[in-house]
Amino acid sequence: SYMRQDASVECGSDDHGPITALAIGFIVLWPAGSLVLFTSLLAACYKPLQAKTPNALTRATAFLHREYEKTWYWWEAVELARKLVLT
């Protein structure tokens, strides 16, 4: 059988192996990378959130902490980690 996106690459051929490895790598990297990114962004927002002095970063990342009280701003990262463990 052939790949749908590039009909010149036959599944199981020498050209297909590296494509499969790259896809598997990104499937693993995406969830872990999202957790690291969200946690890093929330850590960078710690001082402005605690001081109640919003800056450009805290406004841009409000979707991560808006729903939580200021003392629980990091909970979205915990929820994402929980979801990763459950899947």
Inset, instruction - Sequence neighbours left out, what passes side chain to side chain contact (heavy atoms under 4.5 Å, CB included) with Ala60? Give chain and number order. - result: none
Inset, instruction - To the nearest 0.5 Å, tell me how far Ser13 OG sits from Ile19 CD1. - result: 7.5 Å
Inset, instruction - Report the hydrophobic cluster partners of Leu86, with the cluster defined as I, L, V, M, F, W, Y residues connected by side-chain heavy atoms closer than 4.5 angstrom, directly or transitively. - result: none
Inset, instruction - Using side-chain hydrogen bond (donor to acceptor under 3.5 Å, both in side chains) as the criterion, list what pairs up with Thr20, not counting sequence neighbours. - result: His16
Legend entry - ILVMFWY cluster, Trp74 and Phe63 together (side-chain gap under 4.5 Å): yes
Legend entry - Separation between OH of Tyr68 and CD of Glu76, rounded to the nearest 0.5 Å: 4.0 Å
Inset, instruction - Under 4.5 Å between side-chain heavy atoms, chaining through other members, with only Ile, Leu, Val, Met, Phe, Trp and Tyr counted: pull out the rest of the cluster around Phe26, sorted by chain and number. - result: Leu22, Leu29
Legend entry - His65 NE2 to Leu49 CG distance, which is reported to the nearest 0.5 Å: 4.5 Å
Inset, instruction - Among residues two or more places apart or on two chains, list those pairs meeting side chain to side chain donor-acceptor pair (under 3.5 Å) that have a residue in residues 34-49. - result: none
Inset, instruction - Can you tell me which residue pairs pass the side chain to side chain donor-acceptor pair (under 3.5 Å) test with a partner in residues 50-59, sequence neighbours excluded? - result: Asn55-Thr58
Inset, instruction - Report the C-alpha distance between Leu57 and Leu41 in whole Å, list the side-chain angles of each, state the deciding distance to 0.1 Å, and finish with yes or no for side chain to side chain contact (heavy atoms under 4.5 Å, CB included). - result: CA-CA 8 Å; Leu57 182 61; Leu41 287 170; 3.9 Å; yes
Donor-acceptor pairs under 3.5 angstrom involving side-chain atoms of residues 77-85: please list them, not counting sequence neighbours.
residue : atom : partner : partner atom : Å
Glu79   : OE1  : Arg82   : NE           : 3.3
Glu79   : OE1  : Arg82   : NH2          : 3.0
Glu79   : OE2  : Trp75   : NE1          : 3.4

